[in-house]
Amino acid sequence: MSIRAFIFAAMMTGVSAAAPVHAEPASDVVLRSDVVFEPLNPARGDASPKAGVLWGDMRKDVPTGAIIEFADGFSSPPHIHNITYRAVVIEGAVHNDDPTAESMWMGPGSFWTQPAGEAHITAARDGGSATAFLEILEGPYLVQPSEEQFDNGEHPINLDAGNIVWLAASDVTWIDHPDTDDASGAQMAFLWGQLRTGEMNGTFLKLPAGFDGELISNDSQLRAVLVSGAATYELADTGDAKALTPGSYFGSKEKVRHHLKADANQDSVFYVRTEGKYELRAN
């Protein structure tokens, strides 16, 4: 069975011509608990990793984000992909490298990229399952034999969580930090892309325990996935609160003030993909 995309839209009911027209919500929120998982490679049956789509459609030529679940001790055969993908470990430990490479287990908060056409294996460490967030900027996402490998000019990146370089609020201009605020100790790490206006990029954003504030997008698209910790997202149109756990997602296609409250007892780390920059302000 193919992977289904999840499309969130307002429910339509029969109304008269005089009834008010309700605007489309400015932001989308998908909770990890609501994601439906299906085999990433149906031909492998129960041995296949399972994928749950957060946005997009892995079968089509569109940007897509998905949660991938690996069974305990899973190891793929050598293979390639037709497109480049980026990934973040959410739970467990993952190895992704050349088929002949020694195992390098990346734990939660680690980041890697897999260039199109490069032969590799992906594995989960024995003794525990693993979960990762996977993102493609174009599709469809295909698994192909390693004999079809090619060089697309890119190089893979394996960045362990322990090697992430975190920048404090005072080190970047994306975090609002007046002398009386300092964004309550928020931190950022740059992962990929260009930081110029209109250019796409990916970052980690760490909100300290107890943070209460707003992540403000610009006039283009922003997508954010919770990697670790816990947070509450308050919907601007209704005021309803959504409890985010690792693997949950929120996003917008225009300038939106995303109200976030981090868990009082632990930091919360988000993977954020946007064009240009965003802004963080503590209340």
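The first residue in the sequence is number 1, and the count goes up from there. Being a predicted model, the structure only gives us computed values, none of them experimental.
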Task: From CG (Leu280) to CG (Leu215), nearest 0.5 Å - done: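 Rounded to the nearest 0.5 Å, the CG-CG separation comes out at 6.0 Å.
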Partners meeting side-chain contact (heavy atoms from CB on, under 4.5 Å) with [X] (sequence neighbours left out):
X      : answer
Ser220 : Asn218, Glu275
Asn163 : Leu159, Asp160
Pro77  : Arg44

Side-chain contact test, heavy atoms from C-beta onward, threshold under 4.5 Å: evaluate it for [X] versus [Y] and give yes or no.
X      : Y      : result
Thr113 : His155 : no
Phe250 : Leu226 : no
Thr122 : Val94  : yes
His120 : Gln114 : yes
Phe70  : Asp72  : no
Leu137 : Arg273 : yes
Leu260 : Thr232 : no

- [ ] Quick one: which residue pairs count as a salt bridge (charged side-chain N to carboxylate O under 4.0 Å, His left out) with a foot in residues 255-266, not counting sequence neighbours?
- [x]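 The answer is Glu214-Arg257.
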Please output the side-chain donor-acceptor pairs of residues 82-93 that fall under 3.5 Å, not counting sequence neighbours, one pair per line with the distance.
from, atom 1, to, atom 2, distance (Å)
Asn82, OD1, Leu142, N, 2.9
Asn82, ND2, Pro140, O, 2.8
Thr84, OG1, Ala116, N, 3.0
Thr84, OG1, Glu154, OE1, 2.4
Tyr85, OH, Asn96, OD1, 3.2
Tyr85, OH, Trp112, NE1, 3.2
Glu91, OE1, Thr131, OG1, 2.8

With sequence neighbours left out, write down each residue that passes ring pair (Phe, Tyr, Trp, His ring centres under 6.0 Å) with [X], or none if nothing qualifies.
X      : value
Tyr271 : Phe133
Phe190 : Trp174
Trp166 : none

Open item on the list: Does anything in residues 240-249 form a side-chain hydrogen bond (donor to acceptor under 3.5 Å, both in side chains)? List the pairs, not counting sequence neighbours.
Closed with: Arg223-Tyr249, Thr238-Asp240
TODO: List the steps and the verdict of salt bridge (Lys or Arg N to Asp or Glu O under 4.0 Å) for Arg281 and Glu279.
DONE: CA-CA 7 Å; Arg281 294 181 182 177; Glu279 185 177 358; 2.8 Å; yes
- [ ] Decide if the gap between the ring center of His259 and the ring center of Tyr233 is smaller than 6.0 angstrom.
- [x]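 His259 vs Tyr233: aromatic centres not under 6.0 Å.
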Open item on the list: Restricting to salt bridge (charged side-chain N to carboxylate O under 4.0 Å, His left out), what partner residues turn up for Glu118, sequence neighbours left out?
Closed with: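 For Glu118 there are no salt bridge (charged side-chain N to carboxylate O under 4.0 Å, His left out) partners, ignoring immediate neighbours.
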TODO: Apply side-chain hydrogen bond (donor to acceptor under 3.5 Å, both in side chains) to Ser33 and list each qualifying residue two or more places apart in sequence or on a separate chain.
DONE: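 For Ser33 there are no side-chain hydrogen bond (donor to acceptor under 3.5 Å, both in side chains) partners, ignoring immediate neighbours.
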Open item on the list: Going by side-chain hydrogen bond (donor to acceptor under 3.5 Å, both in side chains), name the residues that satisfy it together with Arg32, two or more places apart in sequence or in a different chain.
Closed with: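 For Arg32, the residues satisfying side-chain hydrogen bond (donor to acceptor under 3.5 Å, both in side chains) (neighbours in sequence not counted) are Glu69.
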- [ ] State, to 0.1 Å, how close Phe204 and Gly109 come at their nearest heavy-atom pair, and which atoms those are.
- [x]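 In this case the closest contact between Phe204 and Gly109 is CE1-O, 3.5 Å.
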Task: Heavy-atom pair with the smallest gap, counting every atom of Leu191 and Phe111 - done: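 Closest approach of Leu191 to Phe111: CD1-CD1, 4.0 Å.
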Open item on the list: Whether the side chain of Ser217 engages the backbone of Glu254 through a donor-acceptor N/O pair (distance < 3.5 Å, no angle test) should be reported.
Closed with: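 The answer is yes, because a donor-acceptor pair under 3.5 Å joins these two groups.
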Open item on the list: Main chain of Leu40, side chain of Ser48: is a donor-acceptor contact present, judged purely on distance under 3.5 Å?
Closed with: yes
- [ ] Evaluate the criterion salt bridge (Lys or Arg N to Asp or Glu O under 4.0 Å) for residue pair Glu38 and Lys50; output intermediate values, then yes/no.
- [x] CA-CA 5 Å; Glu38 298 180 353; Lys50 293 180 172 57; over 6 Å; no
- [ ] Verify the distance criterion only: is there a donor paired with an acceptor across the side chains of His258 and Ser252 at less than 3.5 Å?
- [x]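 Yes - a donor-acceptor pair under 3.5 Å links their side chains.
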